[in-house]
Amino acid sequence: MNKRANVVIIGGGISGCAIAYNLAKKGVKDVIVIEKDYICSGSTGRCGAGVRMQWGTEMNCRLAKYSIEFFERANEELEYEYDIEFKQGGYLIVASTEKEETQFKKNLELQHSLGIPSKYLTPKEAKEIVKHMDESKIRCATFCPKDGHLNPFHATQAYANAAKRLGVEIMTYTTVTGIKVENGAVVGVETSKGFISTPMVVNAAGGYSKAIGDMAGVDIPLYPERHQILVTEPVAQMQGPMFMSFSLNIYCQQTPHGSFIMGRGDANEPKDFNINSSWSFLEEMAKTCCELLPPLRKLNIVRQWAGLYEITPDRQPIYCESSEVKGFFIACGFSGHGFMFAPVTGVVMSEIILGEPTSLPVEKLHKDRFLRGEEVYEPSVV
Amino acid sequence: MEVRSLRLDDYYSDNTIICRCEEITLGEIRELIRKGYRSVDEIKRISRAGMGPCQGRTCRQLIMQEIARFEGKSLSELKMPTFRPPTKPIKMEILLGGEKDE
């Protein structure tokens with residue numbers, strides 16, 4: 001089978017589907033999304049599903065604000081037949097060290113300058129928002145009522161279905177095996193279902209995006225890292241916001257369905273593609289959770305899983321056309337936040353691909369920032 | 001006396017609950033299959049079937065049968081869904097270790 005396309009997008013997660021939708025909406029024909037398994041089978045479908053405006057760099061704040069404002073109207077704009085289940089219960093982010101408190105005050109100043117309605121809370125005020133918290137463990141907290149979470153499967157399907165209605169072809173169970181480059185420009189993609197000739201390829205392959213870059217001879221400075229999550233049985237609604245701490249290493253939210261979802265990072269995690277679950281995660285997660293949110297100790301854990309972050313040196317995404325290979329576009333390096341940035345990813349990548357001015361000043365997220373030493377480090381990541 | 005063999009359809013209807021934990025009916029599963037969700041993992045993600053306390057012990061097999069029937073395949077031709085730990089639900093406090101053991 002030989003095919004032709006104007007744009008081939010590699011990766012059927014929410015980023016790839018959002019880019020496809022935005023291209024098709026702008027009238028681009030013959031857009032193909034290639035996904036090695038099924039829609040949402042990779043990092044998107046494994047993520048913690050939280051979305052927040054409370055970031056530590058101006059860029060991440062602006063990307064998140066733009067995206068959350070889209071999620072607020074996504075059901076209508078994408079004409080989705082179900083519901084993306086967007087719940088804005090806020091994020092309560094707690095500080096446990098002096099250093100963290102200082103950082104949070106800086107973050108608040110930045111967030112307020114960008115019109116983000118976050119606020120400073122004492123431990124007592126924080127406890128009024130999450131009543132089952134042990135406030136003796138924290139120094140202060142910040143809260144933004146616009147933050148929240150949504151269903152990653154439905155959000156991705158909403159984009160995928162809207163893209164398909166506009167003529168996008170989504171090839172599932174199809175693996176990319178090579179990218180053909182001639183005279184410094186992309187000419188096609190080799191897949192398990194044949195060759196697709198195309199002048200433009202978008203790398204939205206999440207945890208596998210470095211390997212995809214290698215196929216085109218483009219070095220992308222990021223590495224994959226496993227992050228694990230568990231989910232409990234559902235109980236009556238008791239926690240409105242996401243509860244999060246960077247220093248104590250936890251994020252924990254109650255979904256509209258009633259179950260609690262929680263995760264944490266591991267500083268000793270090897271840089272590889274492993275997405276198996278570990279027993280030590282359950283023990284460490286349970287310990288952290290029960291210390292901070294004691295009543296949750298009575299909950300049954302029903303399932304655990306893992307997915308990949310793809311982490312860049314400054315923990316901000318890469319949006320650009322490669323300077324090495326013409327027609328090779330990069331939308332990856334989300335460092336664990338690709339799901340929440342998907343709406344802005346879709347918009348700015350479609351603009352970069354079409355050579356239009358971008359809605360946000362994302363030229364600062366060009367991959368070459370790492371060569372020029374112009375990266376800005378994001379401090380607020382679990 | 002007339003003897004006839006019983007068929008699955010004599011027992012199941014679209015209103016039959018297939019996933020007891022999440023109360024998903026056979027009709028809902030069939031609709032998703034018609035819409036193109038053709039594996040247990042995809043149906044699980046979009047409908048929550050198999051995400052409850054029993055982790056799909058009952059519904060997984062039944063959903064696979066429906067997919068097989070729709071696609072005219074045998075069960076052995078279908079991809080097995082992912083089985084995730086823990087095997088049985090476990091209370092968070094049990095994982096806290098033995099500090100309180102005498």
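These figures come from a predicted structure and were not determined experimentally. In the text below, chain A, chain B and the rest are named by the order of the sequence lines, each starting its count at 1.
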Task: Salt-bridge present (A:Lys287, B:Glu93; N to O < 4.0 Å) - done: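 Salt bridge between A:Lys287 and B:Glu93, a charged N being under 4.0 Å from a carboxylate O: no.
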Looking at side-chain heavy atoms only, is the closest gap between [X] and [Y] below 4.5 Å?
X: A:Trp279; Y: B:Leu95; result: yes
X: A:Arg303; Y: B:Met51; result: yes
X: A:Cys289; Y: B:Met92; result: yes
X: B:Pro85; Y: A:Phe281; result: no
X: A:His154; Y: B:Ile46; result: yes

Task: Which of A:Glu81, A:Glu291, A:Glu284, A:Met285 touches chain B most, by non-hydrogen pairs under 4.5 Å - done: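 Option with the top pair count is A:Glu81.
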Nearest-0.5 Å distance, [atom1] of residue [X] to [atom2] of residue [Y]:
X: B:Ile90; Y: A:Gln304; atom1: CD1; atom2: CD; answer: 10.0 Å
X: A:Phe153; Y: B:Lys44; atom1: CZ; atom2: NZ; answer: 8.0 Å
X: A:Thr232; Y: B:Lys91; atom1: OG1; atom2: NZ; answer: 10.5 Å
X: A:Glu283; Y: B:Ile94; atom1: CD; atom2: CD1; answer: 12.0 Å

Under 4.5 Å from a heavy atom of chain B, the part of [X] involved:
X: A:Glu85; answer: neither
X: A:Thr172; answer: neither
X: A:Gln157; answer: side chain

Task: B:Lys88, NZ atom: more than 12 neighbouring heavy atoms under 6.0 Å - done: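 Result for NZ/B:Lys88: open.
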Task: Interchain contact, B:Ser39 with chain A, by part (heavy-atom threshold 4.5 Å) - done: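 The side chain, not the backbone.
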Task: Which portion of B:Arg48 sits near chain A, non-hydrogen atoms under 4.5 angstrom - done: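 Answer is side chain: those atoms of B:Arg48 sit under 4.5 Å from chain A.
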- [ ] Identify the residues of residues 31-48 of chain A whose heavy atoms come closer than 4.5 Å to a heavy atom of chain B, ordered by number, or report 'none'.
- [x]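 So the qualifying residues are A:Asp37, A:Tyr38, A:Cys40, A:Arg46.
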Open item on the list: So which atom in B:Pro86 and which in A:Ile301 form the shortest heavy-atom distance, rounded to 0.1 Å?
Closed with: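 In terms of heavy atoms, the two residues are closest at CG-O, 4.0 Å.
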- [ ] List the steps and the verdict of side-chain contact (heavy atoms from CB on, under 4.5 Å) for B:Leu96 and A:Arg297.
- [x] CA-CA 9 Å; B:Leu96 295 180; A:Arg297 61 192 293 131; 3.8 Å; yes
Open item on the list: With a strict 4.5 Å heavy-atom criterion, list every residue of residues 20-31 of chain B that contacts chain A, or say none.
Closed with: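 Within residues 20-31 of chain B, near chain A: B:Glu22, B:Glu31.
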